[in-house]
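One structure is given here, and the rest of the page talks about it.
These numbers come from the heavy atoms of this one structure, side chains and all, not from hydrogens, waters or symmetry mates. Residue indices begin at 1 and follow the sequence shown.
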Amino acid sequence: MHRLFFLISFLLSALALPAGAQTLSTSRFKIEWQVTNRFRLFQDPAFFKLHENAWRQYLLHVDQQGMASDQRDSLVARTSVTGSERVLNDRYIAFSNILRQNFDWRGWAARGQDALCYDAEKRRHSACGGIDAYVVPQSHAIEMWLSGPDVPATAICEWRIGGQLAARTACANRVSGPGVELPYPGGAEISVNVVGEAPIIAEARVRDLLIAGLGDSFASGEGNPNSPVAFSDTRRFRNFYPLRRQNDAGGNAQWTDELCHRSLYGQQLRAALQIAVENPQASVTFLDYSCSGASIADGILGPQRYVERVASAERSAQLAAPQIAGGAKDSQLYRLIWELCRDRPEVKRGLPTCPGNNFRRPLDFVFLSVGGNDIGFSSVVAWASLRDSASSAIASFFGATVDAQEFARRMRDVLPDAYAQLASALERTAPVTSAGDGVFDPSRVILSAYPDLVTNEAGEICEASPEDGDGDDRYAANQSLDMFSSWLTARPDRLAEVRKQFSFLHTRMRDLAGDHGWTFAGRIYADTMFEGHGFCAQNIRRIADPAEQLMIPCYGSAARDTQTCQTSLLGDEGSWRPYDPATQNYPYALRQRWVRSFNDAYMAINQKVRDRFGNIDEKASAAVFSETVGALHPTAEGHAAMADSLMLTLRPIVYDMLYGER
C-alpha cells in the first residue's frame with residue numbers, strides 16, 4: 001500500500017510539471033550509494049574508513065607507476081592488502097624514505113581494540129546489541145549522492161528511502177547520518193528530486209556476506225597482538241635484556257581474544273575486511289573463532305589447551321605452568337553453531353547440531369586454516385632448531401620434537417583422516433550453502449595453505465652455522481635466536497629438510513581439499529609469495545633501521561657487533577645495542593622478514609605466566625619460555641600477504657555472487 005501511494009504521488013507530480021521543467025533527469029544524473037560501515041565487526045565506521053582510505057591511497061600509488069593496464073590489475077590483485085598494510089603501519093611516509101613524525105609504534109589495530117562487536121569477556125560476537133542483531137542485521141547505514149555533469153549546487157533536493165523522507169539538502173551534498181539506512185535483506189527504493197519536481201529512482205539492496213573463520217594460529221594472528229608490550233630503558237632482565245615497562249598483568253599484550261591469541265591482524269579477518277573494502281554496496285558479517293594451538297580434533301571439533309598458562313603450586317619443569325584447558329563445549333564448531341542457531345545446540349554423536357536446523361541465516365563462506373598442529377608443525381621446527389644438549393623440559397615446550405621423517409609419516413597417515421573427520425562434521429552441522437536451497441556446498445569451505453618460512457632476502461634458505469660453535473651468532477638465522485642461543489641454533493641441513501616438508505605439505509593439503517570438494521587457496525605457497533621474507537631476511541639498504549635488526553636489544557658491549565649478550569658484562573656499564581627497547585621498538589613497522597623470530601616474539605608479546613590471583617610468576621614464565629610464544633608465525637605484513645593469497649582465490653567467487661545475476 002505504501003509503495004502504491006508513492007507511485008501515485010510520483011505520477012501526479014510528474015503530470016503537474018510543465019514540459020522541460022525537470023531539473024534532474026535519469027539521462028543526465030545517477031543516484032549513487034554505498035554502505036557506510038561495510039565490515040560489521042567494527043563498531044566505528046571511521047575505523048573501517050581507515051582501511052578503505054589506505055587501499056585507495058595504495059591504488060593511487062600504483063596508478064602513478066605508468067604500468068600497462070593488465071600489469072597494473074595483476075599487481076593490485078596480488079598486493080591490495082599488503083599495500084594497505086604498508087600505508088597503515090609503515091614507519092616511513094608511505095612509498096617514501098621520509099620517516100613519519102607521529103608514528104604510532106603500537107600499530108593500527110590498537111585503535112580498534114575496544115571498538116569491536118566482540119565481547120572479550122563472554123567470548124561472543126554480542127557487543128553490538130546481542131547475537132541476533134549482529135548475525136542478522138535489520139538495516140545498513142548508507143551514504144547517498146548524485147553523480148553527473150553540473151549537479152545543481154544551489155538547488156534543494158529531497159531524498160527518500162522507501163518513500164520516507166531521509167534528508168532535504170543541497171543537491172551537491174552527500175547524504176548520510178541517522179535514518180539514512182537501507183532495510184535488510186529486502187532493500188528499498190532510493191529517490192531524489194528537486195523540491196516540487198518528480199523524482200528519479202534507483203532500486204537498492206545490500207548483499208551482506210556471512211563468513212566464519214576457523215583454524216589455528218596461522219588464522220588467529222598469533223605473534224601480532226592488537227596492542228604490543230612496552231619496554232623500559234632502565235629496568236632489565238638478567239641485568240642486560242629488556243624488561244617490560246609494566247611487569248604485571250596490566251602490562252600484557254592485548255588481544256581480541258586472550259586465550260586464543262586472536263587479533264585483528266589475522267589473515268582470515270584481513271581477507272574478509274578486504275572483501276568489504278572492495279565492494280561498496282555489500283557488507284561483511286565476520287564470525288571469528290580461530291585459535292592459536294588448535295588442531296582439528298582439539299580446537300575445531302573439541303576443546304583444546306590454550307597457549308595461555310596459569311602457574312601451578314608444583315615446581316617441576318613440566319608442571320610449573322600448565323596450559324589453560326577449555327571446557328567440554330569449548331570448541332570452535334560449538335561456538336559457531338551456538339551463535340548461528342536460534343535454539344540451544346544439541347550435542348549428537350559428539351557434534352553440536354541446531355534443532356530443526358533453525359539457523360538465523362546460512363553461511364556464505366567458511367575460512368579454514370588447519371592441519372599443521374595435527375601433524376606436529378611446531379615439533380618439526382623444534383627439531384630443526386634445538387641444540388642436541390637442550391633439556392627435555394625445553395623440548396616439551398614444543399610438544400616434543402619430531403624429525404622430518406616422522407613429520408612426513410604423519411602427513412601421509414594422520415592428515416587424511418583428520419580432514420575427513422572435519423569434512424564430515426561441517427557437512428552434518430554447518431549451514432554452508434550457495435543456492436539458497438539449504439544443501440551443503442563444500443566449495444564454500446576455503447582452505448588456506450601455509451607459507452614457506454625459511455628464506456632470506458635473496459630467496460635462499462636461511463644461512464646458518466653448519467655446526468655448534470662460538471661463531472653461531474655471525475649468521476643471520478642465529479642472530480634471530482639471539483637471547484635463546486644457549487638452547488637454540490639454526491642448522492642448515494635441517495632447515496633444508498623442513499623446507500622440503502613445506503612443499504610436501506602444500507601438495508598434500510591441495511589434494512585432500514580436492515577430495516572433499518573444498519576450495520584450496522594455495523597461492524601463498526604456489527606463487528612463492530613469502531620468498532625473500534623468511535625469519536632471517538633483512539633489508540640491507542635499511543640495515544640500521546631498528547625494525548631490520550635481528551638481534552634482541554642488549555645492555556652492555558661486546559667484542560663484535562653481532563656477539564650475543566654475555567653474562568660477564570657489568571650491569572652498570574654500557575648502553576643499549578643495537579637499539580633502545582623503550583624508544584625504538586617497532587613491532588609493526590614494515591620490515592623485510594614476514595616471520596616473527598624468537599627475538600621478535602619477545603619484543604612484541606613477551607607473554608608472562610600468571611598465578612590464579614592474576615599476578616606475574618617470573619619463575620614459571622622462565623620455566624616454560626613463555627616469552628617466545630608467537631615465534632615462527634607471520635608478522636602483520638605476512639598475514640596481509642596471506643590475505644592477498646586468499647583474495648586471489650576468493651575474488652572471482654565473490655564477484656560472481658554479488659554481480660553475476662545483474
Using 0.5 Å steps for rounding, measure from the [atom1] atom of [X] to the [atom2] atom of [Y].
| X | Y | atom1 | atom2 | result |
| --- | --- | --- | --- | --- |
| Leu116 | Phe39 | CG | CZ | 9.0 Å |
| Leu646 | Ile275 | CG | CD1 | 8.5 Å |
| Met144 | Trp159 | CE | CH2 | 5.5 Å |
| Thr169 | Arg174 | OG1 | CZ | 13.0 Å |
| Glu497 | Gln501 | CD | CD | 6.5 Å |
| Ile142 | Ser283 | CD1 | OG | 12.0 Å |

Under the side-chain contact (heavy atoms from CB on, under 4.5 Å) test, residues paired with Thr154 that sit two or more places apart |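 Expected list: none.
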Output all residues satisfying side-chain contact (heavy atoms from CB on, under 4.5 Å) with Ile540, sequence neighbours left out; order by chain, then residue number.
->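 Here the qualifying residues are Glu457, Gln538, Ile543.
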Work out which heavy atom in [X] is nearest to a heavy atom in [Y]; give both atom names and the distance.
| X | Y | result |
| --- | --- | --- |
| Val432 | Val366 | CG2-CG2, 3.7 Å |
| Ile524 | Ala641 | CD1-O, 3.6 Å |
| Leu182 | Val206 | CD1-CG2, 4.0 Å |
| His51 | Leu273 | ND1-CD2, 3.6 Å |
| Gln268 | Ser369 | NE2-N, 3.5 Å |
| Asn89 | Gly107 | OD1-CA, 3.3 Å |

Evaluate side-chain contact (heavy atoms from CB on, under 4.5 Å) for Arg207 paired with Asp364, printing each intermediate quantity in order.
-> CA-CA 11 Å; Arg207 178 65 188 272; Asp364 292 288; 3.4 Å; yes
Only pairs at least two apart or in different chains count here, so list each disulfide (SG to SG under 2.5 Å) that has a residue in residues 68-117.
->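 Passing the test, one end in residues 68-117: Cys117-Cys128.
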Which is it for Leu209 and Leu658 under the side-chain contact (heavy atoms from CB on, under 4.5 Å) test, yes or no, and what are the steps along the way?
-> CA-CA 9 Å; Leu209 301 180; Leu658 297 180; 4.3 Å; yes
Which residue pairs pass the ring pair (Phe, Tyr, Trp, His ring centres under 6.0 Å) test when at least one of the two sits in residues 635-654, sequence neighbours left out?
->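 Every candidate ring pair (Phe, Tyr, Trp, His ring centres under 6.0 Å) pair involving residues 635-654 fails, so no pair, neighbours aside, qualifies.
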Return yes if some donor-acceptor pair links the side-chain N/O of [X] with the main-chain N/O of [Y] below 3.5 Å, else return no.
| X | Y | result |
| --- | --- | --- |
| Tyr525 | Ser503 | yes |
| Asn456 | Glu460 | yes |
| Glu548 | Asn539 | yes |
| Ser220 | His261 | yes |
| Arg270 | Met642 | no |
| Asn173 | Val175 | no |
| Arg38 | Ala276 | yes |
| Glu531 | Thr455 | no |

If you measure only the distance, is there a donor-acceptor pair under 3.5 Å linking the side chains of [X] and [Y]?
| X | Y | result |
| --- | --- | --- |
| Thr256 | Asn226 | yes |
| Thr433 | Asp441 | no |
| Ser139 | Glu181 | yes |
| Thr285 | Arg40 | yes |
| Asp580 | Gln584 | no |

Does the plane of the ring in [X] sit parallel, tilted or perpendicular to the ring in [Y]? Use 30° and 60° as the thresholds.
| X | Y | result |
| --- | --- | --- |
| Phe367 | Phe286 | tilted |
| Trp594 | Phe530 | perpendicular |
| Tyr659 | Tyr655 | tilted |

Any chance CD of Gln254 has more than 12 other-residue heavy atoms, nucleotides or ligands included, within less than 6.0 Å?
->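 More than 12 heavy atoms, drawn from other residues, nucleotides or ligands, come within 6.0 Å of this atom.
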Side chains of Asp257 and Tyr289 in contact at under 4.5 Å (non-hydrogen atoms) |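 SC-SC contact between Asp257 and Tyr289 ruled out.
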Are the side chains of Thr36 and Val180 in touch, meaning some heavy atoms are under 4.5 Å apart?
->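 When only atoms from C-beta onward are counted, Val180 and Thr36 do not touch, as no gap falls below 4.5 Å.
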side-chain contact (heavy atoms from CB on, under 4.5 Å) between Asp644 and Arg78: does it pass, once the steps are laid out?
-> CA-CA 6 Å; Asp644 274 323; Arg78 289 174 56 86; 5.9 Å; no
Verify whether the ring centers belonging to Phe218 and His633 lie closer than 6.0 Å.
->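 Centroid separation for Phe218 and His633: below 6.0 Å.
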Checking side-chain contact (heavy atoms from CB on, under 4.5 Å) for the pair Gln549/Met603: CA distance, chi angles, key distance, verdict?
-> CA-CA 12 Å; Gln549 295 296 321; Met603 297 301 294; over 6 Å; no
Extract all donor-acceptor atom pairs below 3.5 Å that involve side chains of residues 508-521 and protein atoms in other chains or at least two apart in sequence.
from   : atom 1 : to     : atom 2 : distance (Å)
Arg508 : NE     : Met411 : O      : 3.3
Arg508 : NH2    : Arg412 : O      : 2.9
Thr519 : OG1    : Ser443 : O      : 2.6

Checking salt bridge (charged side-chain N to carboxylate O under 4.0 Å, His left out) for the pair Arg91/Asp545: CA distance, chi angles, key distance, verdict?
-> CA-CA 10 Å; Arg91 188 164 157 251; Asp545 192 308; 2.9 Å; yes
Going by atom type alone, with no hydrogens or angles, which donor-acceptor pairs under 3.5 Å involve a side-chain atom of residues 27-34 and a protein atom two or more places apart or on another chain?
from  : atom 1 : to     : atom 2 : distance (Å)
Ser27 : OG     : Ser25  : OG     : 3.1
Glu32 : OE2    : Ser147 : OG     : 2.9
Gln34 : NE2    : Glu143 : OE1    : 3.1

